[in-house]
Amino acid sequence: MFGKSDRPDEFKFVPFTPSKSCSSFNCSGSEYNDYLINDALRSQDDHIAFTWLLTERSTGKIAAYMSLVMDAIKLSGAEKELHNLKYPFRTIPAMKIAKLAVDRSFSEKYKGIGTFMIATAERLAIACNTEYCAARFLTVDADIEHDKGVLAFYEKNDFIPNAELYNKNRKTISMRKDLYK
Ligand SMILES: CC(C)(COP(=O)(O)OP(=O)(O)OC[C@H]1O[C@@H](n2cnc3c(N)ncnc32)[C@H](O)[C@@H]1OP(=O)(O)O)[C@@H](O)C(=O)NCCC(=O)NCCS
């Protein structure tokens, strides 16, 4: 079982590099497998998305991955009030989880890997805030077209839907998590 804040010794959290074999990665969404295998390194080279891997130390297998990007979200007056943000502008800086997936064989064995990845993204965003660049929120576009359940997954991890991009007909729901609340 993965904790929200600690990492079991048998796993490593490392940047994706060309030397890492990912062809056997298999999560429940085929486009997430394809992205890791065909696009993630190119996106990294082009500075479009930075991909992190959670790998099993003993086998080198990839248990999960996530791709992070910088982001900005537009909040309404009421939303800003909710976060006690007293600024005249609507656009607020954020870090986005552009992709997140857990290999099936690992999610069958361990509960909480997805949650661990989110907690890790949160730690990276807070570290970034401390040293380099501001991000008030962690954001995600919950892919409800692929699996409606991901909304519940992100809600369990304290994300809430953004008013601006919340629309019944959308394939994704834009969500945010306040890093400081
Ligand atoms: C969505 C995903 C990342 C979740 O990872 P995970 O390791 O299974 O999630 P966790 O074990 O941390 O789950 C945390 C909680 O969310 C729930 N949850 C996780 N995935 C869920 C889903 N698809 N539907 C409903 N609930 C879900 C879990 O039951 C658990 O609830 P509990 O705390 O009450 O027991 C993983 O299923 C996955 O890789 N899916 C395919 C790719 C994908 O859809 N990525 C999201 C793109 S936006």
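Each ligand, and each atom within it, is numbered from 1 in the order the structure gives.
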Polar proximity ligand 1 side, A101 side, N/O cut 3.5 Å exclusive
no
Short list, please: which atoms of ligand 1 are under 4.0 Å from a heavy atom of [X]?
X    : answer
D141 : 48 (S)
I113 : 7 (O), 12 (O)
D143 : 48 (S)
V102 : 3 (C), 5 (O), 7 (O), 38 (C), 39 (O)

So that I know where these two stand, are [X] and [Y] an aromatic pair - ring centroids less than 6.0 Å apart?
X    : Y   : value
Y65  : W52 : no
H146 : Y32 : yes
F106 : F25 : no

Please state which protein non-hydrogen atom is closest to [atom] and give its distance, to 0.1 Å?
atom                    : value
atom 34 (O) of ligand 1 : K156 NZ, 2.9 Å
atom 44 (O) of ligand 1 : H146 CD2, 3.2 Å
atom 23 (N) of ligand 1 : D147 OD2, 2.7 Å
atom 35 (O) of ligand 1 : K111 NZ, 4.3 Å
atom 9 (O) of ligand 1  : F153 CE1, 3.4 Å
atom 45 (N) of ligand 1 : L100 O, 2.8 Å
atom 8 (O) of ligand 1  : S107 CB, 4.2 Å
atom 11 (O) of ligand 1 : G112 N, 2.7 Å

Do [X] and [Y] sit within salt-bridge range, that is, some charged N less than 4.0 Å from a carboxylate O?
X    : Y   : result
D141 : K96 : yes
D45  : R42 : no
R176 : E79 : yes
D103 : K61 : no

Which bit of [X] gets closer than 4.0 Å to ligand 1, counting heavy atoms only: side chain, backbone, both or neither?
X    : result
F116 : neither
K99  : neither
T172 : neither

Short question: side chain of N162, backbone of K74 - any donor-acceptor pair under 3.5 Å?
no
Donor-acceptor pair, K80 side chain versus K86 backbone, under 3.5 Å?
no
Would a 4.0 Å cut-off, counted as strictly less than, catch a protein heavy atom around atom 48 (S) of ligand 1?
yes
Protein heavy atoms near atom 28 (C) of ligand 1, is at least one of them under 4.0 angstrom away?
no
Just go through S28, C27, G114 and tell me whose heavy atom is the nearest to atom 40 (N) of ligand 1.
S28
Might you work through the ring-ring contact (aromatic ring centres under 6.0 Å, His included) test for F137 and H83, ending with a clear yes or no?
CA-CA 10 Å; F137 295 99; H83 299 284; 4.7 Å; yes
Is the closest side-chain donor-acceptor distance between T172 and D143 under 3.5 Å?
no
Would you please test E108 and S105 for side chain to side chain donor-acceptor pair (under 3.5 Å) and show each step?
CA-CA 5 Å; E108 279 159 14; S105 62; over 6 Å; no
